Structures are given as structure tokens and as C-alpha cells.
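Just so it is clear, the structure is predicted and the values come from calculations on it, not from any experiment. To find a chain, count down the sequence lines: A is the first, B the second, and so on, and within it residues start at 1. Below, each value reflects all heavy atoms present in this structure, side chains not excepted, and no hydrogens, waters or symmetry copies.
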Number of protein chains: 2
Amino acid sequence: MEWLSEQQQAAWRPFVALLLRLPTALDAQLQKDAGITQFDYLVLSGLSEAPGRTLRMSELAATANSSLSRLSHVVSRLEARGWVRREQGPGDGRGINAVLTDAGLDKVRQTAPGHVEAVRELLVSTLSDEEFAQLGAIAKKVLAAQGIKVIIPNGPC
Amino acid sequence: MEWLSEQQQAAWRPFVALLLRLPTALDAQLQKDAGITQFDYLVLSGLSEAPGRTLRMSELAATANSSLSRLSHVVSRLEARGWVRREQGPGDGRGINAVLTDAGLDKVRQTAPGHVEAVRELLVSTLSDEEFAQLGAIAKKVLAAQGIKVIIPNGPC
DNA sequence: AGAACAAAGTTGATGCTTCAACTATATGTC
DNA sequence: GACATATAGTTGAAGCATCAACTTTGTTCT
């Protein structure tokens with residue numbers, strides 16, 4: 001059983017700090033400006049980028065990196081706010097589609113600029129292009145080691 | 001107002017995925033093996049490394065990267081479990097010290113190996129030394145841009 | 001076709017986090 | 001010295017995440 005070396009600690013600690021602080025900061029911005037969480041935003045924007053603004057719950061969970069249970073609760077809340085609607089999916093009788101409503105699309109469009117700006121301010125602008133690319137490559141590698149493939153839709157953020 | 005470029009998205013998405021998945025995975029390990037959260041662990045181990053196993057609430061909050069409110073709740077729970085005790089601090093009449101009890105120290109010692117192993121497995125082992133160092137440097141830089149200095153005590157993890 | 005098992009989703013309970021409001025002590029200012 | 005303001009910390013309420021249990025539908029094997 002080995003502890004972390006001093007060099008490893010010197011990398012690990014700041015990373016843990018980032019893991020705690022960045023989501024808090026991003027959530028605070030979204031909560032304040034739009035009354036939603038980052039996870040809500042991920043779900044809404046994930047749907048907004050999907051063909052027909054529609055995704056099966058399990059696929060949406062994959063793009064949002066969440067459990068199905070978490071997603072189900074969140075979709076219920078988003079549904080109650082009129083931004084998402086559930087539909088029985090075709091084919092597989094178990095499949096449920098989450099569909100982004102027009103109001104939901106509006107919400108994403110209103111929310112995106114502020115959120116993108118926060119991401120820029122808090123993260124992107126503080127790093128060189130090369131560093132940011134390194135960060136992405138490292139994240140990808142770590143996830144790949146756990147068999148996770150990141151889904152990259154083509155949207156604002 | 002600018003969106004993220006395609007290269008930036010290609011870095012941002014995996015990073016978001018990591019931000020969501022890694023804490024979940026670490027929390028799951030600690031919850032399963034020790035019945036505590038990662039944040040609990042951070043508080044306990046932070047105290048275990050402090051002189052006299054004692055830190056003022058506000059200092060502890062800084063080392064654990066948390067709000068005072070969150071810390072206060074957590075310390076109350078840890079106190080109820082017999083791992084931490086509150087003491088009136090000397091000097092400043094407002095200062096409260098959190099002190100790690102013997103039982104608390106035992107808990108950290110029992111918990112640390114499994115947690116360190118999880119960190120190794122999930123993160124450290126998947127990266128080269130250089131990559132891991134890069135990750136640390138990047139995290140440090142991002143935090144520094146927000147005026148946050150990371151406190152690095154000398155403990156297992 | 002029937003039994004066993006797996007996959008998709010939901011639900012309710014429990015515990016954690018956040019926010020705003022509050023108390024108490026310290027510090028600065030006139 | 002009194003007043004205003006800032007800092008340290010706590011608390012309760014509301015919202016969110018997680019886990020286990022459950023239902024329903026699909027798949028596999030014989």
C-alpha cells in the first residue's frame with residue numbers, strides 16, 4: 001500500500017480544490033441568473049442539440065453523465081416547469097423519450113450566453129489554448145480508462 | 001458574445017464529464033467502504049494533519065474549499081458520530097476550533113488506504129507522471145486566477 | 001411456449017448542500 | 001465612548017442526489 005508521493009500530492013490537492021470550487025461557481029452563476037443547476041442546463045442543452053430535440057432517457061443520461069435515477073427526478077422537475085415533456089418511445093416499449101418544448105428551447109437560448117461567459121471567465125480565459133487542450137486530453141484519458149466515451153454534441157457549451 | 005470554438009468544445013466536454021464522474025466515483029467508494037462522503041474525508045484528514053489535530057472553523061473551511069455553512073453542518077454530523085469536537089478558541093471570542101478526537105483519527109487511518117487506492121486507480125494510474133503534473137499545474141492556475149491559494153498539508157491524500 | 005434473467009425507468013426515503021436570516025464578537029470612525 | 005460595519009459561526013428551510021426497491025418490457029435458453 002503506497003501513499004501519494006510529494007509530487008503527486010502537489011498535483012492532487014489543487015485538482016481536488018478545482019473539483020470542489022468550479023462546479024460550485026458554475027452552479028452559483030446559473031442559479032443566480034437562470035434559476036437552474038448546471039445539471040439542469042446540461043440536460044436542457046443536451047436535448048436542444050439532439051435531432052428533433054428528443055433523446056431517450058438512457059441516452060440522455062449518457063450524454064449528461066448521470067444515473068437514470070438522477071435524470072428521472074430532474075426531468076420530472078423540468079417537466080413541471082414546462083421545459084421538457086415525456087413521450088412513449090417507438091419500438092422498445094420500455095423506452096421513454098424526453099422532448100424539449102419550445103419554452104425549454106427558449107430557456108436554453110436565454111441561459112446559454114451567460115453560462116458560456118462564465119465558463120470562459122472561470123476556466124478558458126485563464127489557460128492557454130495548449131493548456132486547455134491538455135486538460136481535455138487528460139480528462140478523456142481518465143474517462144477512457146473507465147470505459148467511458150464522452151459524447152460531444154455540437155452546441156454552444 | 002462568442003461561443004466555444006470546436007477545439008475548445010472538444011476539451012470542455014470531456015472535462016465536464018470528468019467533473020461529474022470522478023467525484024461520484026470517489027464518493028461511492030468512500031460511502032461503501034467507510035460510510036462517509038469525500039467531503040467528510042477531507043475535513044477529517046485536514047484536521048488529522050493540523051498541529052494538535054485542531055483548526056479554526058474558518059481555516060478548516062479554507063483547506064476543505066467549502067463555505068462556512070456547509071462545514072458547520074458537516075462538523076455537527078461528525079461531532080454526533082464522535083469523530084470531531086468543538087472548542088472555544090483562544091483570543092478571538094468568535095473563533096471556534098474543530099478538534100479531531102482519537103476515534104476520529106482512527107477513522108481517518110482506517111479509511112485512508114482504501115481511498116488512496118481509489119484515487120490511484122481512478123486517476124493517478126491512468127496518467128503519466130508528466131500528465132498528472134500538468135493537471136495539477138492547470139488546476140493551480142485556474143484557481144489562482146480566482147485568487148484562491150490551495151493549502152497543501154502533508155498527509156496521505 | 002414458459003421460465004429466468006436483463007434492461008429501462010420510476011419512486012420514496014434519507015441525507016447532503018445551499019441560501020438567507022440570525023447572533024455574537026471585533027474593528028474602525030467620528 | 002458610541003455607532004456603524006465587518007467577520008465568525010450557526011441554524012432552519014427548501015431543494016437536490018443517492019440508494020434500494022419496484023414495475024414493466026425485452027431477451028435468452030430449453
Side-chain angles (χ1 to χ4, degrees), chain A residues 19-44 54-81 84-99, chain B residues 19-44 54-81 84-99:
Chain A
L19 237 41
L20 284 162
R21 300 241 186 207
L22 193 57
T24 303
L26 292 174
D27 263 326
Q29 181 269 321
L30 279 171
Q31 198 66 57
K32 179 171 156 295
D33 296 349
I36 62 175
T37 66
Q38 202 206 349
F39 188 75
D40 291 338
Y41 180 83
L42 242 87
V43 169
L44 293 174
T54 299
L55 277 175
R56 217 181 141 150
M57 291 294 280
S58 45
E59 293 169 23
L60 185 51
T63 73
N65 296 285
S66 97
S67 69
L68 213 37
S69 168
R70 181 181 187 182
L71 179 65
S72 182
H73 284 293
V74 168
V75 165
S76 297
R77 277 174 237 143
L78 297 177
E79 207 172 13
R81 301 226 244 170
V84 172
R85 154 169 53 84
R86 274 183 239 242
E87 268 177 12
Q88 178 70 20
D92 192 325
R94 297 166 300 181
I96 303 282
N97 283 342
V99 185
Chain B
L19 237 40
L20 284 162
R21 299 241 186 209
L22 192 57
T24 303
L26 292 175
D27 263 328
Q29 180 270 321
L30 279 170
Q31 200 64 58
K32 179 169 157 295
D33 296 349
I36 62 176
T37 66
Q38 202 206 349
F39 188 75
D40 292 338
Y41 181 81
L42 243 86
V43 169
L44 293 173
T54 300
L55 276 175
R56 221 183 136 147
M57 292 294 281
S58 46
E59 293 170 24
L60 185 51
T63 73
N65 297 286
S66 97
S67 69
L68 213 37
S69 168
R70 180 180 187 182
L71 179 64
S72 182
H73 284 295
V74 168
V75 165
S76 296
R77 278 173 236 140
L78 297 176
E79 207 173 11
R81 302 225 245 169
V84 172
R85 156 168 52 84
R86 274 184 240 241
E87 269 177 13
Q88 177 71 18
D92 193 325
R94 298 164 300 181
I96 301 283
N97 283 342
V99 185

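The interatomic distance linking A:H73 (NE2) with D:dG15 (P) rounds to 15 Å, in whole Å. Residue B:R94 contributes atom CZ, which lies 6 Å from atom P of D:dA8 at whole-angstrom precision. Atoms CZ (B:R77) and C1' (C:dG15) sit 7 Å apart, rounded to a whole Å. Distance, B:L60 CG to D:dT10 C1': 15 Å, rounded to whole Å. Between A:L68 atom CG and D:dA17 atom P there is a gap of 15 Å when expressed in whole angstrom units. Taking atom CD1 of A:I36 as the reference point, atom C1' of D:dC16 lies 14 Å away to the nearest angstrom. The CG atom of B:D27 sits 8 Å away from the P atom of D:dT18 (whole-angstrom rounding). Rounded to an integer number of Å, the gap from B:R70 CZ to D:dA14 C1' is 17 Å.
Closest approach to the A:V74 side chain among C:dT17, D:dG9, D:dA17 is made by D:dA17 (side chain taken as heavy atoms from C-beta onward).
For D:dA8, the OP1/OP2 oxygens have no side-chain nitrogen or oxygen of B:R86 closer than 4.0 Å.
The main-chain N or O of A:R21 is never found under 3.5 Å from a side-chain atom of B:N65 such that the two would form a donor-acceptor pair.
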Open item on the list: One pair to check against side-chain hydrogen bond (donor to acceptor under 3.5 Å, both in side chains): B:Q29 and B:D33. What are the steps and the verdict?
Closed with: CA-CA 6 Å; B:Q29 180 270 321; B:D33 296 349; 3.0 Å; yes

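Among the atoms of the strands shown, only primed sugar atoms or phosphate atoms (P, OP1, OP2) are found under 4.0 Å from some heavy atom of B:S58. B:R56 comes within 4.0 angstrom of sugar-phosphate atoms only, judged by non-hydrogen atoms across all strands, and of no base. Within 4.0 Å (heavy atoms only), A:G35 reaches no atom of the nucleic acid at all.
No side-chain heavy atom of B:R85 sits less than 4.5 Å from a side-chain heavy atom of B:N97.
The pair B:R86-B:E79 meets the salt-bridge criterion, since a charged nitrogen lies less than 4.0 angstrom from a carboxylate oxygen.
Mapping B:D92 and B:S69 onto DNA chain C via the closest heavy atom, the residue that lands nearer the 5' end is B:S69.
To the nearest 0.5 Å, atoms CG (A:L20) and CZ (B:R70) are separated by 6.0 Å.
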